[in-house]
Amino acid sequence: MRKITRRPDNRGMVAALERGDLRGVAQRLYNVFEDVLEPRHRQTVDEIKATLIEYGALGAVMSGSGPTVFGLYEDKPQAQNAADALRKQYKDVFVCQPV
């Protein structure tokens with residue numbers, strides 16, 4: 001069994017959200033479940049996150065216990081470019097806007 005050694009910065013995340021600081025939110029994205037994934041799943045999550053970052057995401061993380069991975073973008077065209085790149089390998093890829 002792997003021990004979780006790092007925890008999310010919840011206070012910092014709340015403060016960034018209250019300020020409307022997208023970069024601050026993105027810098028605090030962290031999911032402890034990523035630390036305990038099986039190696040084959042970890043590799044897939046890491047590859048998706050790397051692609052999101054490569055295409056301009058301010059941050060990327062696995063959502064909940066998976067299987068969703070998302071990135072935060074300031075620019076919709078960058079998000080669309082990332083989605084287009086990921087669709088070459090994955091079936092369900094979406095660009096969403098928070099409300």
Side-chain angles (χ1 to χ4, degrees):
M1 176 177 231
R2 296 181 205 166
K3 184 175 181 177
I4 295 172
T5 58
R6 184 175 166 209
R7 297 281 179 188
D9 176 11
N10 293 332
R11 287 185 182 152
M13 178 67 78
V14 169
L17 287 166
E18 287 173 344
R19 291 190 309 271
D21 177 9
L22 183 62
R23 286 184 183 276
V25 169
Q27 291 171 351
R28 289 170 177 83
L29 293 176
Y30 181 69
N31 185 336
V32 297
F33 283 115
E34 289 184 39
D35 295 338
V36 296
L37 287 173
E38 294 179 19
R40 65 187 171 113
H41 297 304
R42 175 66 184 247
Q43 181 179 353
T44 301
V45 169
D46 287 347
E47 288 172 2
I48 294 169
K49 287 170 52 176
T51 299
L52 293 168
I53 297 295
E54 177 185 339
Y55 282 86
L58 301 175
V61 69
M62 183 176 78
S63 176
S65 58
T68 304
V69 177
F70 69 92
L72 296 179
Y73 290 84
E74 288 181 309
D75 182 80
K76 187 173 180 178
Q78 283 183 315
Q80 189 60 59
N81 288 339
D84 292 343
L86 288 167
R87 280 191 189 102
K88 294 175 185 173
Q89 190 170 355
Y90 302 100
K91 179 178 78 166
D92 295 321
V93 178
F94 308 95
V95 175
C96 304
Q97 183 172 337
V99 294

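Just so you know, these numbers come straight off a predicted model, no measurement behind them.
A distance of 10.0 Å separates CD in Gln27 from CG in Leu22, rounded to the nearest 0.5 Å.
The minimum heavy-atom distance between Met13 and Arg28, with the atom names listed, is N-CD, 3.3 Å. Shortest non-hydrogen contact noted between Tyr30 and Arg7 is CD2-C, 3.9 Å. For the residue pair Gly12 and Asp9, the shortest heavy atom distance occurs at N-OD1, 2.9 Å. Minimum heavy-atom separation, Ala83 to Val95: CB-CG2, 3.6 Å.
Atom CZ of Arg19 has more than 12 heavy atoms from other residues, nucleotides or ligands within 6.0 Å.
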Identify each donor-acceptor pair in which a side-chain atom of residues 50-74 lies under 3.5 Å from a protein atom, sequence neighbours left out, and give them as a table.
from: Thr51; atom 1: OG1; to: Glu47; atom 2: O; distance (Å): 3.1
from: Tyr73; atom 1: OH; to: Leu52; atom 2: O; distance (Å): 2.8
from: Glu74; atom 1: OE1; to: Arg23; atom 2: NH2; distance (Å): 3.0

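The side-chain heavy atoms of Thr44 and His41, taken from C-beta on, include no pair separated by under 4.5 Å. Using a 4.5 Å heavy-atom threshold, the side chains of Asp92 and Tyr90 count as separate. Considering only heavy atoms from C-beta on, Val36 stays 4.5 Å or farther from Arg42 through its side chain.
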Chi angles and distances behind the side-chain contact (heavy atoms from CB on, under 4.5 Å) call for Val14, Arg11: CA-CA 5 Å; Val14 169; Arg11 287 185 182 152; 5.9 Å; no
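Cluster annotation: Ile48 is not connected to Leu29 through the hydrophobic network of ILVMFWY side chains, with a link wherever side-chain heavy atoms come within less than 4.5 Å.
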